[in-house]
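In what follows, a structure is listed as structure tokens, so that the remarks can point back to it.
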Amino acid sequence: MTKQLLDKLAQQGRLERQEFLSLLQGRTTALQQEAAARAKILREKFFGQGIFLRGLIEFSSYCHNDCYYCGLRRSNTAAQRYRLTPEQILACCRNGHELGFRTFVLQSGDDSYWTDQRLVPLIQAIKRDYPDSAVTLSVGERSFASYQALRQAGADRYLLRHETANPQHYRHLHPAEMSWQGRQQCLRDLRTLGYQVGAGFMVGSPGQTLEHLAEDLLFLSTFRPEMIGIGPFMPQHDTPFAGEPAGSVELTLFLLSLLRLMLPNGLLPATTALGSLHPHGRELGICAGANVVMPNLSPEDARQKYQIYDHKLSVGAESATGLADLQRRLQEINCHIASGRGDFIPVDPAVLHPKH
Ligand code: SAM
């Protein structure tokens, strides 16, 4: 029965909420292996053996939000705060470009210092110096006008995880001043403005049930983001969720496989959180259907301070040695680093899902 649901997901690109739930409740090792095998076939059909690289630049650890799970939350007085200067950020890009990176992901807390007046010239400078490269932003919730200004400055993509598709669960993870509706509106605004949009969620976040995950899958099958980032929840010792258990690697891998069946041409990273929880987490993620890795290009001392959770993998690929290690790991699973920006390529729904 559950295998038939895998077929149906691949053929139609979506399932009913109850069907997603049945898949999650019926997860066995055999089902998980079956889903991963099908996901791998689809990944290879659309992307071959190539894995796209994104160079992550964590450029500010300041945040005015207070998410209960995140080490950057404003109430965390123990967090080490820093901001890279535009010159430092451009130096990260220069280094990354020399190493072959053609996408730069600028990520930060929701930091009010980084106004449009500051971000726009930075984006323009990156696009001027590296016209062959994509700029992805991951700087949180902003107004439509701000997203528009950043898009006009040249930003190509935007990562904003929806965090949870269930408003009550959202309330469990965030203080009352933050709004589920607001975050959903941001995702719609980003899409309207022509960004390639990334949504996503943590697996095993406190209070999350399989019903919630079924809602996440349903939301994603409807919104169909170009990119989806999922990774296990990891506790951070100075947050209200310090004592909560980490999410499951196995469940994350299963969800990655389901997402590949849902979005065969989607860009799915094997996230840092997965790599942090398991020594071969990123390779396992790729074998389950992921096709993107995001090595860290931030300076060493910044990486140490950007502690959104404990035990965060902080080996970088800012050096040729780091990149060679990644290449070797990919070779071991019969993959290689793909060249180019790695944009989302739209495909006719009839080709993606024969019974769409
Ligand atoms: N401020 C931006 C935003 O909120 O979208 C971008 C930075 S935020 C740190 C990036 C992502 O980190 C969040 O969307 C969240 O899912 C993830 N994250 C935060 N704390 C985490 C934790 N304890 N474990 C795993 N992932 C976490």
Side-chain angles (χ1 to χ4, degrees), residues 54 56-76 79 81 83 105-114 119 136-142 146-147 150 157-165 169-170 172-175 177-180 182-187 189-190 195 197-208 212 216 225 227-249 251-252 255 269-278 281 294 296 298 302-303 305-313:
R54 309 326 192 180
L56 181 61
I57 304 171
E58 296 162 336
F59 70 98
S60 166
S61 67
Y62 284 86
C63 191
H64 57 243
N65 278 340
D66 219 14
C67 311
Y68 299 142
Y69 45 84
C70 184
L72 305 188
R73 66 197 303 268
R74 68 162 188 266
S75 299
N76 182 7
R81 308 292 177 179
R83 287 186 187 105
V105 181
L106 302 189
Q107 193 184 84
S108 68
D110 284 46
D111 180 4
S112 315
Y113 170 88
W114 282 99
L119 273 178
T136 303
L137 298 177
S138 177
V139 296
E141 295 179 32
R142 302 174 78 99
S146 172
Y147 286 148
L150 304 179
R157 310 183 191 135
Y158 205 105
L159 306 178
L160 186 82
R161 290 182 172 186
H162 67 282
E163 308 297 0
T164 169
H169 185 224
Y170 186 91
H172 187 72
L173 299 176
H174 304 93
E177 75 211 21
M178 293 179 70
S179 142
W180 179 88
R183 200 147 182 106
Q184 291 275 322
Q185 185 58 48
C186 285
L187 284 168
D189 289 348
L190 291 164
Y195 284 94
V197 180
F201 56 91
M202 294 174 286
V203 179
S205 59
Q208 185 184 69
H212 293 148
D216 285 318
M227 308 171 282
I228 300 178
I230 65 165
F233 161 75
M234 306 277 283
Q236 203 283 350
H237 63 277
D238 286 313
T239 63
F241 291 152
E244 298 285 341
S248 148
V249 170
L251 180 55
T252 306
L255 286 160
T271 51
T272 307
L274 198 51
S276 302
L277 197 53
H278 189 289
M294 296 172 62
N296 207 314
S298 317
R303 267 184 276 145
K305 292 179 187 158
Y306 197 84
Q307 290 299 331
I308 55 182
Y309 47 78
D310 294 338
H311 312 299
K312 180 165 162 271
L313 194 69

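Just so you know, ligand 1 is whichever comes first in the structure, and atom 1 is the first atom listed for that ligand.
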Test salt bridge (charged side-chain N to carboxylate O under 4.0 Å, His left out) on R183 and E141 and set out the steps.
CA-CA 7 Å; R183 200 147 182 106; E141 295 179 32; 2.8 Å; yes
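Taking a heavy-atom cut-off of under 4.0 Å, ligand 1 is surrounded by Y69, C70, Q107, S108, G109, D110, S138, G140, L160, R161, E163, R183, M202, P232, F233, M234, Y306, I308, Y309.
Qualifying side chain to side chain contact (heavy atoms under 4.5 Å, CB included) partners for W180, counting only residues two or more places apart in sequence or in other chains: P167, Y170, Q184. Scanning for salt bridge (Lys or Arg N to Asp or Glu O under 4.0 Å) contacts around R142 gives D116, with sequence neighbours left out. The salt bridge (Lys or Arg N to Asp or Glu O under 4.0 Å) search around E244 returns none, not counting sequence neighbours.
The backbone N or O of C67 lies less than 3.5 Å from a partner atom in the side chain of R73, making a donor-acceptor pair.
For Y158 and Y147, the gap between ring centers is short of 6.0 Å.
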